[in-house]
Amino acid sequence: MRHLRSPLVLMLALTLGTLVWAHHSPSAIFDVSKKQIVSGTLTKVEWVNPHIVVMVDVQNAQGAVENWRLESNPPSWFKNVGLGRNDFSKAIGQTVSLEANRAKDGSLYGYMRKISFADGRSYELVSPAEADK
């Protein structure tokens, strides 16, 4: 029994370590001290765990289109606030406005804090405590 316990403990430790590594804190990748508004055409939604991801085509100051990738909470979180996959699907091809924290590396990648749809609906995508930051 003793010989069996060591490999099981090692396997459990490796599994938990992998899970912790896979799920990151937004502050590890995104500059949470700065908010940025991104407005453009919603082109795609990936409704998957652990974070949903949306793609938005944004026209920059020079007139070129930039392809932004923004992630947020898991699908279950969105369902709890009354925002579902269908809401995003209906908005594909429409203009959305997003408040986000941009990636620290300056890429066109961000963490969504708020989304406003063309029909006027708007949703805070962070907890109330984080919304004030």
Side-chain heavy-atom pair [X], [Y] within 4.5 angstrom cut-off:
X	Y	value
Leu125	Ile115	yes
Arg113	Lys35	yes
Ser97	Ile37	yes
Asp105	Ile29	no
Trp68	Leu98	no
Asp119	Lys90	no

Do you know which two heavy atoms are closest between [X] and [Y], and how far apart they sit?
X	Y	result
Ser72	Tyr111	CA-CE1, 4.0 Å
Leu70	Ala100	CD2-CB, 3.5 Å
Pro75	Asn49	CD-OD1, 3.1 Å

From [atom1] ([X]) to [atom2] ([Y]), nearest 0.5 Å:
X	Y	atom1	atom2	answer
Lys114	Glu99	NZ	CD	6.5 Å
Thr41	Gln59	OG1	CD	9.5 Å
Ser107	Arg69	OG	CZ	10.0 Å
Lys79	Arg85	NZ	CZ	7.5 Å
Phe30	Arg102	CZ	CZ	12.0 Å

Notebook entry, point to check: Are Asp87 and Arg121 ion-paired here, with the side-chain N under 4.0 Å from a carboxylate O?
Noted result: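 Yes.
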Check: Should the pair Lys44-Glu46 be classified as a salt bridge under the 4.0 Å nitrogen-to-oxygen rule?
Finding: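 Salt bridge flag = yes for Glu46 with Lys44.
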Check: Do Ser116 and Ser122 pass the side-chain hydrogen bond (donor to acceptor under 3.5 Å, both in side chains) test, and can you show the C-alpha distance, the side-chain angles, and the key distance before you say yes or no?
Finding: CA-CA 4 Å; Ser116 298; Ser122 184; 3.1 Å; yes
Next item on the list: For the pair Asn101 and Asp31, evaluate side-chain hydrogen bond (donor to acceptor under 3.5 Å, both in side chains) and give the outcome as yes or no after the intermediate values.
Entry: CA-CA 6 Å; Asn101 298 116; Asp31 185 349; over 6 Å; no
Margin query: Test of understanding: with side-chain hydrogen bond (donor to acceptor under 3.5 Å, both in side chains), list the residues that count as partners of Thr43, not counting sequence neighbours.
Written below: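 Once residues adjacent in sequence are excluded, Thr43 has no partner under the side-chain hydrogen bond (donor to acceptor under 3.5 Å, both in side chains) criterion.
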Checklist line | Joint cluster assignment, Val65 & Leu42, ILVMFWY side-chain distance < 4.5 Å | finding: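 As far as the 4.5 Å side-chain criterion goes, Leu42 and Val65 are not connected within one cluster.
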Check: How does the hydrophobic cluster around Val53 look, that is, which other residues are in it when side-chain heavy atoms under 4.5 Å mark a link?
Finding: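 So far as hydrophobic clustering goes, Val53 is joined with Met55.
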Checklist line | For Phe117, ring pair (Phe, Tyr, Trp, His ring centres under 6.0 Å) partners two or more places apart | finding: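 Per chain and number, Phe117 pairs via ring pair (Phe, Tyr, Trp, His ring centres under 6.0 Å) with Phe88.
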Notebook entry, point to check: Are the side chain of Asn60 and the backbone of Ala64 linked by a donor-acceptor contact shorter than 3.5 Å?
Noted result: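 Yes, the answer is positive, given that a donor and an acceptor are paired below the 3.5 Å cut-off.
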Item checked: Ring centroid separation Tyr123 to Phe78 under 6.0 Å ->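 No, they do not, as the ring centres are separated by 6.0 Å or more.
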